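Computed over heavy atoms, backbone and side chain alike; hydrogens, waters and symmetry mates excluded. When a residue number appears, it is its place in the shown sequence, counting from 1. Everything numeric in this text was worked out from a predicted model, so none of it was measured.
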Amino acid sequence: MQIIVEDRDFRRLKTETQQELLSLLIGKRIPSVQPSPSAGRLRWRKPVDLRPEQAMKFVHGLTSDQRRKLELFTKKDGRVRMRDIMNLSGDSDLRGASEFQKLMTRRLRRLIDDPDKKAQLIGWDFEATKWDKKQTTIVDGVYYVTETTAASLRQCMKEHA
């Protein structure tokens with residue numbers, strides 16, 4: 001029997017699982033693997049900083065709709081109302097803006113080393129959330145990227161305008 005694990009899939013495994021598999025394959029215990037340098041920088045619910053060269057790779061291959069949505073963050077100092085994102089693509093449901101956020105997160109995680117799946121490009125400002133009168137449905141709020149990311153995206157968008 002053969003089991004094939006691609007590099008990309010192997011990197012998605014927890015560090016402990018990677019070590020255990022390698023130990024089994026070579027037949028002896030291996031020393032602990034140090035976490036990647038980026039692992040210490042990543043925090044739950046905190047958007048990561050994209051450097052200009054990362055922004056170039058990130059933006060490459062996006063649809064025009066996705067690029068327009070990201071451009072909103074470059075024009076508004078990294079903070080964009082949910083309604084602005086929805087209006088740009090004609091979404092009538094907040095799920096459209098949420099799906100955009102998820103898509104950008106998945107794309108980011110493929111770009112950077114993120115074995116713990118903590119990284120996100122776009123955060124949600126919980127303090128700015130607006131609810132309907134019954135407090136059951138979000139009607140607006142603010143998505144944000146870091147200032148560094150907004151500047152990197154701005155530079156990238158100018159170069160590819």
When you look at [atom1] of [X], are more than 12 heavy atoms from neighbouring residues, nucleotides or ligands closer to it than 6.0 Å?
X: D125; atom1: CG; result: yes
X: R106; atom1: CZ; result: yes
X: E53; atom1: CD; result: yes

Should [X] and [Y] count as side-chain neighbours, where that means a heavy-atom distance under 4.5 Å?
X: M82; Y: V139; value: no
X: T146; Y: V48; value: no
X: W131; Y: T137; value: no
X: D91; Y: F100; value: no
X: V80; Y: I122; value: no

Hey, does the side chain of [X] reach the backbone of [Y] with a donor-acceptor pair shorter than 3.5 angstrom?
X: R109; Y: A119; value: yes
X: N87; Y: R83; value: yes
X: S152; Y: T148; value: yes
X: Q120; Y: T105; value: no
X: Q66; Y: T63; value: yes
X: T74; Y: E71; value: yes
X: T149; Y: V145; value: no

Open item on the list: Check this for me, if you would: do K102 and E99 make a salt bridge, where the nitrogen-to-carboxylate-oxygen distance has to be below 4.0 angstrom?
Closed with: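 A salt bridge links K102 with E99.
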Open item on the list: According to a hydrophobic-cluster definition based on side-chain heavy atoms being under 4.5 Å apart (Ile, Leu, Val, Met, Phe, Trp, Tyr only), do V142 and L88 belong together?
Closed with: no
- [ ] State yes or no: do F126 and I138 share one hydrophobic cluster built from I, L, V, M, F, W and Y residues joined by side-chain heavy-atom distances below 4.5 Å, directly or via other members?
- [x]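 F126 and I138: one cluster.
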Reported [atom1]-to-[atom2] distance for the pair [X] and [Y], which is rounded to 0.5 angstrom:
X: D84; Y: K69; atom1: CG; atom2: NZ; result: 12.0 Å
X: S98; Y: M86; atom1: OG; atom2: CE; result: 11.0 Å
X: L111; Y: M104; atom1: CG; atom2: CE; result: 12.0 Å
X: F73; Y: M157; atom1: CZ; atom2: CE; result: 10.5 Å
X: L153; Y: R67; atom1: CG; atom2: CZ; result: 10.0 Å

Open item on the list: Looking at every heavy atom in both G123 and P47, which two are closest together, and how far apart are they?
Closed with: N-CG, 3.5 Å
Open item on the list: So which atom in C156 and which in M56 form the shortest heavy-atom distance, rounded to 0.1 Å?
Closed with: SG-SD, 3.3 Å
Open item on the list: Do R81 and Y143 form a cation-pi contact, if we require the NZ or CZ to be under 6.0 Å from the six-membered ring centre and within 45 degrees of the ring's axis?
Closed with: no
Open item on the list: Can a side-chain donor-acceptor contact be found between S89 and D65 if the only test is distance below 3.5 angstrom?
Closed with: no
TODO: Decide salt bridge (charged side-chain N to carboxylate O under 4.0 Å, His left out) for D77 and R79; before the verdict, give the C-alpha distance in whole Å, the side-chain angles of both, and the deciding distance to 0.1 Å.
DONE: CA-CA 6 Å; D77 296 325; R79 298 179 62 80; over 6 Å; no
